[in-house]
Number of protein chains: 2
Amino acid sequence: MFLSTSHNKIDLKCRVSIPASFRVNLEKTNETLILFKSLQFKCIEGTTSSRMQTYINAIDELDALSDDAFLLRMMMADSFEIKFDINGRVVIPDILMNFAGLNNKAVFMGIGGSFYIWSPAEYENQYLKSQKILKEKGPPKLFIKKKIE
Amino acid sequence: MFLSTSHNKIDLKCRVSIPASFRVNLEKTNETLILFKSLQFKCIEGTTSSRMQTYINAIDELDALSDDAFLLRMMMADSFEIKFDINGRVVIPDILMNFAGLNNKAVFMGIGGSFYIWSPAEYENQYLKSQKILKEKGPPKLFIKKKIE
DNA sequence: TTGACTACCATAAATTCCCATGCTATCCCA
DNA sequence: TGGGATAGCATGGGAATTTATGGTAGTCAA
């Protein structure tokens with residue numbers, strides 16, 4: 001489970017500390033870290049090797065010529081298997097730095113099965129957007145249902 | 001089940017004792033504690049890891065582009081897996097301290113499957129509000145029905 | 001031989017762990 | 001039934017560990 005949010009610094013070598021709780025989550029299951037371009041947002045998505053494998057398997061299930069299959073393959077193409085240094089830091093590939101508009105700060109946002117890496121500005125946007133939706137539409141249906149039961 | 005209310009002190013390190021009865025409830029089922037921003041109130045909500053896992057699983061079931069999925073992911077980002085010290089104390093993350101307006105006192109309020117942590121002032125507000133509704137509208141229908149049966 | 005990349009070392013700050021203390025509720029026996 | 005012993009809980013403090021981050025030396029390829 002990837003949870004919580006934290007703001008870490010990216011140095012001149014594009015190195016950044018992965019939050020300790022995320023690292024523990026990976027080590028616990030002996031998984032490697034995969035980083036790739038988010039399909040929905042201007043951010044990097046990080047996940048476990050095994051979860052990535054399920055995406056790959058999903059492609060085989062799809063119509064090989066479908067748009068979905070096409071998109072998933074493009075996603076794979078910009079995926080990177082990432083190694084940690086002894087202090088729990090990783091180097092973010094240039095392609096991903098540019099894609100997410102990252103510079104010298106990264107916001108790590110755990111979302112359960114994976115996590116996002118945002119630029120501070122983009123993170124702020126998304127956070128405000130969520131507050132707006134919450135105000136206008138209220139909490140998710142699922143959440144309300146579960147609570148009453 | 002989390003029941004009853006208690007007032008505990010938050011020290012300078014943002015540590016606070018979780019009421020013993022809540023702790024027993026977690027230990028009994030070997031669950032870890034998750035704290036997150038309430039979606040409805042200006043307070044922290046506490047729940048079990050397994051309950052949080054059901055929300056996470058739900059995200060995969062939802063339309064990934066929907067508002068509900070978006071809000072649930074944001075909820076994960078504002079959730080923290082919390083460890084106890086040997087005395088049953090936890091550290092409340094800064095983000096949650098600020099969100100709930102907590103300072104040096106916390107009111108724990110069990111509500112069944114989860115519990116709330118309020119600032120004393122906010123708790124007082126909510127309590128008065130509930131008393132007012134009770135006076136004007138009487139007890140909830142659900143409650144009356146249960147009692148008669 | 002220069003530039004990029006990797007592996008490792010160093011350090012300050014933050015966090016965690018554990019021991020100690022005081023309080024309160026409970027128990028037990030005279 | 002009263003009063004002291006006991007156990008569990010809430011809280012304070014400080015030592016030990018971990019984390020985030022800066023830096024350097026070694027390595028490989030162009």
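Quick note on labels: first sequence line is chain A, next is B, and so on, each numbered from 1.
- Separating the CD1 atom of Ile92(B) from the P atom of dT15(C) is a distance of 14 Å, rounded to the nearest angstrom.
- Following rounding to the nearest Å, Arg89(A) (CZ) and dT11(C) (P) show an atom-to-atom distance of 15 Å.
- The hydrophobic cluster containing Tyr127(B) does not contain Leu134(B), counting ILVMFWY residues as joined when their side-chain heavy atoms lie under 4.5 angstrom apart, directly or transitively.
- Remark: C1' of dA20(C) and CD1 of Ile86(B) are 12 Å apart, rounded to the nearest angstrom.
- Judged by distance alone, with hydrogens and angles left aside, Asn87(A) brings a side-chain donor or acceptor within reach of the base of dT21(D), the pair sitting under 3.5 Å.
- Ser49(B) and Thr32(B) form a side-chain donor-acceptor contact under 3.5 Å, judged by distance and modelled atom types alone.
- Within 6.0 Å of the CD atom in Glu81(A), the count of heavy atoms belonging to other residues, nucleotides or ligands does not exceed 12.
- Counting heavy-atom neighbours within 6.0 Å of Met1(B) CE, excluding the residue itself, gives a total of 12 or less.
- Distance CE (Met97(B)) to P (dA14(C)): 16 Å, rounded to an integer number of Å.
- Closest approach of Leu71(B) to Pro140(A), counting heavy atoms only: CB-CG, 3.9 Å.
- When rounded to the nearest whole Å, the span between CZ of Phe84(A) and C1' of dT19(D) equals 14 Å.
- Between Glu61(A) and Asn57(A), the side chains place no donor N or O within less than 3.5 Å of an acceptor N or O (distance only, hydrogens not considered).
- For the pair Phe80(B) CZ and dT16(C) P, the computed distance is 12 Å after rounding to whole Å.
- Nearer the 5' end of DNA chain C, as judged by each residue's closest nucleotide, is the contact made by Asp94(A), out of Asp85(A) and Asp94(A).
- Only Asn8(B), Lys9(B), Asp11(B), Lys13(B), Arg15(B), Ser17(B), Ile18(B), Pro19(B), Ala20(B), Arg23(B), listed by number, bring a heavy atom of residues 3-33 of chain B to less than 4.0 angstrom from any atom of DNA chain D.
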